[in-house]
Amino acid sequence: CGWCPCGGGHGGGHAGARDEVGRVKAAIALQNIAHANPTVHGPAIRSEGGLRALMALMYEGSPREQEASAGALSALFEDPASADSARGCVPALVTLLRSGSLMGRAMAATALQHLARHRANRAEIVAEGALGPLVDLVVSFMAPDRKGERVRGSASGAAATLRHLALNPDSHKAIREKGGIPPLVA
C-alpha cells in the first residue's frame, strides 16, 4: 500500500473487496450502516478497522472509490466519537475537496461539515486550506449553466462547513478574503 495509514500488508484490498466495484459497494454499505445509527454502528465500524480501510480508499482509490469513501466517512463522522478520532482524515478530505470530481468534492465537504461541528477539528480544517475550496464549491453550485440557469445541486455541505468554521473568529477574515461572502448571500 504505502500511501495509507493502514500499515500495508493487505495487498491493496481495502474495505473488504478486491475489485473497484466491490470496494465501492463495500464503502456504500458502510455508509448506509453508519448513517442508520452512527453512535451504535460507528464504534463497531471503527473497531473493525473501517476508518483505516476508508482512508486507504481516499489515498489510493479511483474517483468512484474516493466518492464512496468520503460518503462513508461523512456518515461515520455523524457520531461525535468518530469525529473526535478522525483528525488524520482531514488532509485527505481537503485534497479530495480541492481536486476530486464534483460528487467527490460535495461528499468531502459534507464529511468536513461533520468534523467542523467539533471545535478541536476547526483549526486543522482551516490550516489544511479548506476555506478556498469550500467557497469554490459553493460558487460552482451557484454558477449559471449554459442556458443561464443555476446548476442543480446542493452546496449545503460546503455552506454548512463554512458556517461551522465561521464560529472561529480567526476564520471570519479568511472566509471574506477567499470570496466567501457573495456566494453565501446569493
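Both backbone and side-chain heavy atoms feed into the values below; hydrogens, waters and symmetry mates do not.
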At their closest point, which heavy atom of [X] faces which heavy atom of [Y], and how far apart are they?
X: A75; Y: P38; answer: O-CB, 3.9 Å
X: A68; Y: V24; answer: CB-O, 3.9 Å
X: E65; Y: E20; answer: OE2-CA, 3.5 Å
X: L93; Y: A108; answer: O-CB, 3.5 Å
X: Q113; Y: G157; answer: OE1-CA, 3.7 Å
X: G179; Y: P182; answer: O-CD, 3.4 Å

Is the backbone of [Y] close enough, under 3.5 Å, to the side chain of [X] for a donor and an acceptor to pair up by distance?
X: R122; Y: L165; result: no
X: S74; Y: A70; result: no
X: T110; Y: A106; result: yes
X: T161; Y: A109; result: yes

Does the side chain of [X] reach to within under 4.5 Å of the side chain of [Y], using non-hydrogen atoms?
X: L54; Y: L30; value: yes
X: L131; Y: I125; value: no
X: Q31; Y: M107; value: yes
X: L51; Y: S82; value: no

Linking I/L/V/M/F/W/Y whenever their side-chain heavy atoms sit closer than 4.5 Å, directly or via other members, would V139 and L96 fall into one cluster?
-> yes
Counting only heavy atoms not in E177, do more than 12 fall under 6.0 Å of its CD?
-> yes
Would you give the length of the straight line joining atom CZ of R163 to atom OG of S156, rounded to the nearest 0.5 angstrom?
-> 10.0 Å
Taking NZ, NE, NH1 and NH2 as the nitrogens, is one of them in D79 or R46 under 4.0 Å from a carboxylate oxygen of the other?
-> yes
Could you walk me through whether E78 and H35 pass the side-chain hydrogen bond (donor to acceptor under 3.5 Å, both in side chains) test, one step at a time?
-> CA-CA 8 Å; E78 290 177 35; H35 186 69; 2.9 Å; yes
